[in-house]
Amino acid sequence: MATKLFAVRLAAEQIGVFEVRPGVIRTPMTAAVAEKYQARMENGLVPAGRWGSPEDVARAVAGLASGQFAFATGSIINVDGGLAVPRL
């Protein structure tokens, strides 16, 4: 809700607001559960078939910050290798 609220309020100022949702990202914070998630990834948890990296998230944020999405606001950007895509 906060993303949508800020997007509506800041649109007139030409300020884009986005929500970035990282998926399973390999960082020191995920080290404790790495073995569990590696096994799940090998069984298809993430359609991209790999862990995300901090650089994956940074590239998405850099794209948003570049101004190339000038007419977009209030959007959710899933940086998760397809994890959030519904599958049968």
Novice: Within this structure, what is the OH-CH2 distance for the pair Tyr37 and Trp51, rounded to the nearest 0.5 Å?
Specialist: 8.0 Å
Novice: Determine the minimum heavy-atom distance between Val20 and Val61, stating which atoms define it.
Specialist: CG2-CG2, 4.1 Å
Novice: Taking C-beta and beyond as the side chain, do Glu19 and Ile77 meet within less than 4.5 Å on heavy atoms?
Specialist: no
Novice: Can you tell me how far apart CZ (Phe6) and CE (Met1) are? Round to the nearest 0.5 Å.
Specialist: 11.5 Å
Novice: Return the CG to CG distance between Leu83 and Leu45, rounded to the nearest 0.5 Å.
Specialist: 5.0 Å
Novice: Are the side chain of Asn43 and the backbone N or O of Arg40 linked by a donor-acceptor pair below 3.5 Å?
Specialist: no
Novice: Measuring from atom CZ of Arg26 to atom CD of Gln38, what distance do you get when rounded to the nearest 0.5 angstrom?
Specialist: 6.0 Å
Novice: Are Val8 and Phe18 linked, directly or through intermediate hydrophobic residues, by side-chain heavy-atom contacts shorter than 4.5 Å (ILVMFWY only)?
Specialist: no
Novice: Indicate the atoms forming the closest heavy-atom contact of Pro22 with Val57, along with that distance.
Specialist: CB-CG2, 4.0 Å
Novice: Enter the distance from Arg21:CZ to Ile76:CD1 here, rounded to the nearest 0.5 Å.
Specialist: 3.5 Å
Novice: Under the 3.5 angstrom rule, does the side chain of Thr73 hit a backbone N or O of Val17 as a donor-acceptor pair?
Specialist: yes
Novice: So how far is it from Thr27 OG1 to Ile25 CD1, rounded to the nearest 0.5 Å?
Specialist: 8.0 Å
Novice: Verify, without hydrogens or angle tests, whether Asn78 (side chain) and Asp80 (backbone) share a donor-acceptor contact under 3.5 angstrom.
Specialist: no
Novice: Is it true that Ser66 and Gln68 share a donor-acceptor pair across their side chains at a distance under 3.5 Å?
Specialist: no
